[in-house]
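Written out below as structure tokens is the structure these notes cover.
The sequence lines fix the lettering, A, B, ..., with proteins before strands; numbering per chain opens at 1. All values below come from the heavy atoms of this structure, side chains included, with hydrogens, waters and symmetry mates left out.
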Amino acid sequence: MSVRLRVAPSPTGDPHVGTAYVSLFCLAFARQQGGQFVLRLEDTDRARFREDSEQQIYDMLHWLSLDWDEGPDKGGPFAPYRQSERLDTYRPHVDALVADGHAYYCWCTPDRLQAMREEQQKRKMPTGYDRLCYGKTREERAELPGFSDAAVVRMLIPDDAPIAFTDVIRGEVHAPTPDDQVILKADGFPTYHLAVVVDDHLMGITHVVRGEEWISSTPKHLLLFDWLGWERPAFAHMPLLRNTDKSKISKRKNPAARLTWFVEEGYLPEALVNFLGLLGYSMPSGEEIFTFDEMSASFDWSRVNTVGPVFDLDKLGWLNGHYLRELAPDDFVRRVLPFLHDAGLVAHPPTATEQAVLAAAVPEIQPRMKLLTEAPGLLRFLLVSEESFVVDPEAVEKHVVGSGALLAAAADALEPVEVWDTAHVQGAMDAALLEDGLGLKRGKAYAPIRAAVCGSSISPPLPESLALLGKERTLRRLRAAIV
RNA sequence: GCCCCCGUCGUCUAGCGGCCUAGGACGCUGCCCUCUCACGGCAGUAGCGGCGGUUCGAAUCCGCUCGGGGGUACCA
């Protein structure tokens, strides 16, 4: 039988990095086994629902090439894949559980429940529903305080509820004994616990992969599977991604919790996928740089760690630089373009001139970048109009002030250069400024020129930069800097 | 409060009773390359939380302890 896995994000805001993390592992296993990967939207929380969130989830998973076989957008044999569209599906199962005595109605108000829990905590007792409503008719219950008109349905947890299960990643796990969990809310929506069990069964899910935070509610799900007479799926609880302070990764503490952040910051999807794979997982070969296909081919649940990894951006940055350098030149240009456009350095479809400049500059800037966002800084001196060209004040202070003679000598030496390429430019400068000229060391000689022409004390190699810039602009900037 | 999960360099990890004088990667430091910055190469830095067992032998097995995390909702 082929495996079926699913990821089930809630459309409650910006897509979460954990969704991509779990998707990666699900997909790696599903592809290896020749099974399917399903995307299901758990939109049962109407209070936190966000309209645009669904499309963002699609966009981000597509960006990462973590593609699904069935989902709300593409349908499939078990449609619909939005829980809000499956309300009729859950109802009969709730009724059956009530009829079988496994669930009961509860009319307690939120206020009463909260007071009850506070009292339990004060008495150092485990918190849990006290079953005030159990065995009572609506009329009987209405006599008592804390009564609400709209009923919910609760599970009746037996004393001998199964709390142990075999986790694919952790082995034998003992989870807490549950309390009488609500499975149907007053608004008619199922809670996660009911919906996840019904949908996983109906959709033929064989492996439930989710975050470690779900371990404590697994016994509830076990009970539901058993009561409904359904075979239990396998469970794999992934470690939780952490903030630097080790707490569960959160959008408030960590920008990296938002998937869109990686796009904005200039990360490559292939680097993020590789990095996510490195968190909590290791290749049998020991390789740290690997593609999704390589990970999938050798995937093994026993190599998944149980320790929650800190999401450390340093290593991601290194990986990103690596993948950036591997890119074919035209691909590199394609990825860099949106960032240059946002910086106002190129037109929307770039002009032929701009394209030519970029193509020529790629070999110089590609090995020096770690993030796509660094491109505007490195290319500004080549793309900016002469009217807008400015030299960084710090560079002026450090290198240009007092270097008039040197800059003039450089300009004079470059003036007669006929063939404007790296070799000739360097030849002319060196002849005028080094031993046979002003007698300077190359480092001393190039710094002022770099500042005057590139506008910064940091740039690609100087002769290459001047060659790319062209004779006219080089001379103009040199002379302008002399003053 | 109650319950559960987890514990190897700063970070990600290898290790699954002798191959460990604990290996790799990122980071950091130094050197080389060098016109700046990167890239690349070389070297160095740093860890089995603690205490008891089990064993001829423990990073590896057991217990306790400490530490971290998560859950405890009509949120997922």
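Of all nucleotides listed (A76(B), U8(B), C74(B)), A76(B) comes nearest to the side chain of Trp214(A). In the set A14(B), A25(B), A76(B), the nucleotide with an atom closest to the side chain of Trp318(A) is A25(B). Set against A38(B), A14(B), A76(B), the side chain of Asp45(A) has A76(B) as its closest nucleotide. Candidate nucleotides C75(B), U8(B), G70(B) were compared by shortest atom distance to the side chain of Ser247(A), and G70(B) ranks first.
The closest side-chain donor-acceptor pair between Tyr104(A) and Asp180(A) falls under 3.5 angstrom. Gln120(A) and Thr127(A) share no side-chain donor-acceptor pair at under 3.5 Å.
As rounded to whole Å, 9 Å separates atom P of U13(B) from atom CZ of Phe275(A). Rounded to whole angstrom, the span from the CG atom of Leu316(A) across to the P atom of G27(B) amounts to 12 Å. We find that CZ of Arg117(A) is positioned 14 Å from C1' of C2(B), with the value rounded to whole Å. Rounded to whole Å, the distance from CG on Asp179(A) to C1' on C4(B) is 14 Å. With rounding to whole Å, Lys248(A) atom NZ is found 13 Å from G69(B) atom P. Counting to the nearest Å, the C1' atom of C6(B) and the CE atom of Met238(A) are 15 Å from each other. The nearest whole Å value for the distance from the NZ atom in Lys220(A) to the C1' atom in C75(B) is 12 Å.
Between the Arg112(A) side chain and the Cys108(A) main chain, no donor and acceptor come within less than 3.5 Å of each other. Panel note: side chain Ser10(A), backbone Thr12(A); no donor-acceptor pair is recorded below 3.5 Å. A donor-acceptor contact shorter than 3.5 Å links the side chain of Asp43(A) to the backbone of Ser84(A).
Of the charged side-chain nitrogens involved, at least one lies within less than 4.0 Å of a carboxylate oxygen, so that Arg138(A) and Asp149(A) count as a salt-bridged pair. With respect to the salt-bridge test (charged N to carboxylate O, under 4.0 angstrom), the residues Glu42(A) and Arg40(A) qualify. A salt bridge links Arg335(A) with Glu270(A); the closest basic N to acidic carboxylate O contact falls under 4.0 Å.
Counting non-hydrogen atoms under 4.0 angstrom, Thr306(A) reaches the backbone sugars and phosphates but no base. Note on Gln121(A): a base of the nucleic acid sits closer than 4.0 angstrom, heavy atoms only. Residue-level contact check: Arg46(A) touches neither bases nor backbone, having no heavy atom under 4.0 Å from any strand. Residue Ser10(A) is classed as a sugar-phosphate contact, given heavy-atom separations below 4.0 Å to backbone atoms only. Among the protein residues, His174(A) comes within range of the sugar-phosphate backbone only, with heavy atoms under 4.0 Å from sugar or phosphate atoms but none that close to a base. Among the protein residues, Val307(A) comes within range of the sugar-phosphate backbone only, with heavy atoms under 4.0 Å from sugar or phosphate atoms but none that close to a base. Within the 4.0 angstrom heavy-atom criterion, no nucleotide atom of any strand lies near Arg123(A).
G1(B): Watson-Crick or G-U partner is U72(B), with both key distances under 3.5 Å. Under the Watson-Crick or G-U wobble criterion, with both distances below 3.5 Å, C64(B) is paired with G50(B). Within the shown strands, nothing qualifies as a pairing partner of U21(B) under the Watson-Crick or G-U definition with both distances less than 3.5 Å. Here G30(B) sits opposite C42(B) as a Watson-Crick or G-U wobble pair (both hydrogen-bonding atom distances under 3.5 Å).
Annotation for Lys444(A): atom NZ does not count as buried by contact number, only 12 or fewer foreign heavy atoms lying within 6.0 Å.
A distance of about 47 Å separates the C1' atoms of A38(B) and C75(B), rounded to the whole Å. Remark: the separation of the C1' atoms in C9(B) and G27(B) is 11 Å, to the nearest Å. Separation of the C1' atoms belonging to G44(B) and C19(B) is 26 Å when rounded to the nearest angstrom. G69(B) sits 25 Å from C62(B) when the P atoms are compared, rounded to a whole Å. Rounded to a whole angstrom, the distance from the P atom of C12(B) to that of G49(B) is 14 Å. Using C1' as the reference atom, G50(B) and C33(B) are 47 Å apart when rounded to the nearest Å. When the C1' atom is compared between A22(B) and C5(B), the two are found 26 Å apart, to the nearest whole Å. A73(B) and G68(B) have their C1' atoms separated by 25 Å, given to the nearest Å.
Minimum interatomic distance between Leu24(A) and Gly277(A) (heavy atoms only, all atoms of both residues): CD2-N, 3.5 Å.
A distance of 6.0 Å or more separates the ring centres of Phe165(A) and His221(A). Residues Tyr90(A) and Phe189(A) place their aromatic rings such that the two centres sit no closer than 6.0 Å. Aromatic pair Tyr81(A)/Trp68(A): ring centres not closer than 6.0 Å.
The residue among Val152(A) and Pro367(A) whose nearest nucleotide of RNA chain B lies closer to the 5′ end is Pro367(A).
Within the structure, no pair that satisfies the side chain to side chain donor-acceptor pair (under 3.5 Å) test touches residues 367-379 of chain A, not counting sequence neighbours.
Between Tyr267(A) and Phe275(A), every side-chain heavy-atom pair lies at or beyond the 4.5 Å cut-off.
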Polar atom pairs (N or O), protein with nucleotides 30-35 of chain B, under 3.5 Å:
unit_1 : atom_1 : unit_2    : atom_2 : d
C35(B) : OP1    : Arg442(A) : NH1    : 2.5
C35(B) : O2     : Arg450(A) : NH2    : 2.6
C35(B) : N3     : Leu462(A) : N      : 3.3

Shorter than 3.5 Å, N or O on both sides, protein versus nucleotides 19-22 of chain B: list them out with atom names.
none

Tabulate protein N/O versus nucleotide N/O from nucleotides 9-12 of chain B, keeping only pairs under 3.5 Å, one per line.
unit_1 : atom_1 : unit_2    : atom_2 : d
C12(B) : OP1    : Val310(A) : N      : 2.8
C12(B) : O2'    : Leu278(A) : O      : 2.9
C12(B) : O2     : Lys315(A) : NZ     : 3.2

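Under the 6.0 Å distance and 45° angle rule, Arg46(A) counts as a cation-pi partner of Phe49(A). Taking the ring axis of Tyr105(A) as reference, the NZ or CZ atom of Arg154(A) does not stay both within 45° of it and closer than 6.0 Å to the ring centre.
Residues from residues 154-171 of chain A that place a heavy atom under 4.0 Å from any atom of RNA chain B, listed by number: Arg154(A), Arg170(A).
In terms of phosphate contacts, Asn305(A) brings a side-chain nitrogen or oxygen within less than 4.0 Å of OP1 or OP2 of A14(B). OP1 or OP2 of A76(B) sits under 4.0 Å from a side-chain N or O of Thr44(A). Dashed line: the shortest gap from a side-chain N or O of Ser282(A) to OP1 or OP2 of A14(B) is under 4.0 Å. The shortest distance between the side-chain N/O atoms of Arg50(A) and the OP1/OP2 oxygens of A76(B) is not below 4.0 Å.
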Which atom pairs, donor and acceptor, lie under 3.5 Å between side-chain atoms of residues 389-407 of chain A and protein residues at least two apart or in another chain?
unit_1    : atom_1 : unit_2    : atom_2 : d
Asp392(A) : OD2    : Ala395(A) : N      : 3.4
Ser403(A) : OG     : His399(A) : O      : 2.7

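Residue side chain Arg325(A) does not reach the base of C39(B) through any donor-acceptor N/O pair under 3.5 Å, judged by distance alone.
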